[in-house]
Amino acid sequence: MDVLMHKTCQRVLLRLPRAITSPCKCHSSGTVHATQITPTSSTHRPPVLLVSRLFQPLNLRDVGQENRAPGEMTCKSQRLMQQAGLIHPSNPGCYYYLPSTVRSMEKLVKLIDQEMQGIGGQKLDMPSLSSAELWKRSERWDLMGKELFRLKDRHGADYCLGPTHEEAVTELLASQGTLSYRQLPLLLYQITRKFRDEPKPRFGLLRGREFYMKDMYSFDTSEEAAYQTYHSVCQAYTRLFSRLGLHCVQVQADTGNIGGKLSHEFQLPADIGEDRLLVCDNCSFSANVETMSSGQKGCLQCQTGTLVESKGIEVGHTFYLGTKYSNVFNATFNNTLNKPAITEMGCFGLGVTRILASAIEVMSTDEGIRWPGLIAPYQVCVLPPKRGSKVDAVSGMAEELVHSLVETVPSLRAEVVLDDRTQMTIGKRLKDANRLGYPYVVVVGQRAAEDPPRFEVVCQHSGETMFLSKEGLVDLLGRVETV
């Protein structure tokens, strides 16, 4: 028995990490006694994020207009995103979102969640596949025309891939029975893929057939309460764009095929924009030209200003729907008199992928991407010296610097990458970093060999270059806001 237990003990020990085990002692009684296991003295460090390991197929060589396929690379954001390995074309109007884009989108979604939940929004997820019966009840099955992606199941039933979910969410609410007025306002939202059969998809993520959108639906007890909710959501949108550093304009808009009594668009001014805007040069009035009389030049609000035309990219849209859908689907609540009443509705959209692309469109240079700081895929890129160069001796300092940054500044965990492609010169990697748009690039170069070491820090947004000690660098990056 002693021999058997001894062999068993040896087999168990072979499967344990050597660093945390010590020999056990087997006694004649057959009881196995292990000496106390002590942890290793060194603290476990997470692996460094290496540029060479990121799945980001770069094509940073600019493709001349003469070599581009017809209809391709038609705007700055599309060209920069494809060259930087952020997106890859699939079908017309559809793209692969590669890892860095997904990281950026996830950060944007967190910001949207914060703002929507900050005003009482509750997140859910509705089916993309929607029955034709719902759309026929609202009379939008025919109204939407060719924009709807339509299909039949094996039983011949008609469906569509939802571009919006007014019908679905109202039917969901109606199916729960009558609500109490105490449960309202109710704000339900989702962030999911949407589908629209665009006749001419173009401009990369700015106008595609498949895209991500945040759509929120509100249910209120009265028209007055619905207007309060409407303005609350508009204020949340304004805060969101302000946090992103995007100067959006809230303009009077047409209700279109969604319908309703009131509508506003949130437009990001840009030359590539497809919407024509009229903005007063004297007051806050602004409108989509679709809502104005032809040739209107004077401001209807202040009566003295002149309307100036510009172009914009629509990144958000709000609608006060009234009872357009709640009447059709009988979405009711019990009022203070315990009598059933129809809910007043609103719907509110944000183009998630469009916000991402339009931010790149308006903030970037022709040579490189510039991200809104909060949603950059990574905040910091550290460049060690070229292998075999005169300052190769300080190359180990680069990895140690990465570890030090993420340990000293917890908010930078998973936000710092090391460009380990040391077969390339610092100059070439610095050029790549500029094109990829890391907000901060830290070069471990010749001055890192000084006492004390100093690091070259390039701030992409300001274009400023600084030489900082390790303490100065930690102080600078410690003030970087992350999501």
*Take Lys107 and Glu415, measure what salt bridge (charged side-chain N to carboxylate O under 4.0 Å, His left out) needs, and give me the verdict at the end.*
CA-CA 12 Å; Lys107 293 180 179 183; Glu415 294 289 347; 2.8 Å; yes
Distance-only polar pair, side chains of [X] and [Y], donor-acceptor under 3.5 Å:
X      : Y      : value
Glu224 : Ser222 : no
Asn434 : Arg429 : no
Ser364 : Lys76  : no
Asp254 : Thr291 : no

_Heavy-atom neighbours of Glu399 CD exceed 12 at 6.0 Å_ = no
SB check [X] [Y] (cutoff 4.0 Å):
X      : Y      : answer
Lys311 : Asp271 : no
Lys194 : Glu210 : no
Glu274 : Arg202 : yes

*May I have all residue pairs that pass side chain to side chain donor-acceptor pair (under 3.5 Å) and include part of residues 380-391, sequence neighbours excluded?*
Arg387-Thr422
*Assess the pair Phe266 and His264: is the distance between their ring centroids shorter than 6.0 Å?*
no
_Just checking Tyr320 against Tyr227, ring centres under 6.0 Å apart?_
yes
*Stepwise, does the side chain to side chain contact (heavy atoms under 4.5 Å, CB included) test hold for Asp215 with Gln190?*
CA-CA 6 Å; Asp215 46 323; Gln190 62 177 352; 3.0 Å; yes
*Of all pairs that satisfy ring pair (Phe, Tyr, Trp, His ring centres under 6.0 Å), the ones with a partner from residues 343-402, not counting sequence neighbours*: Tyr230-Phe348
*Check the pair Arg45 / Glu400 against salt bridge (charged side-chain N to carboxylate O under 4.0 Å, His left out), numbers first and verdict last.*
CA-CA 11 Å; Arg45 286 179 156 183; Glu400 183 58 35; 3.1 Å; yes
*Charged tip of Arg447 within 45° of Phe467 ring normal and under 6.0 Å*: yes
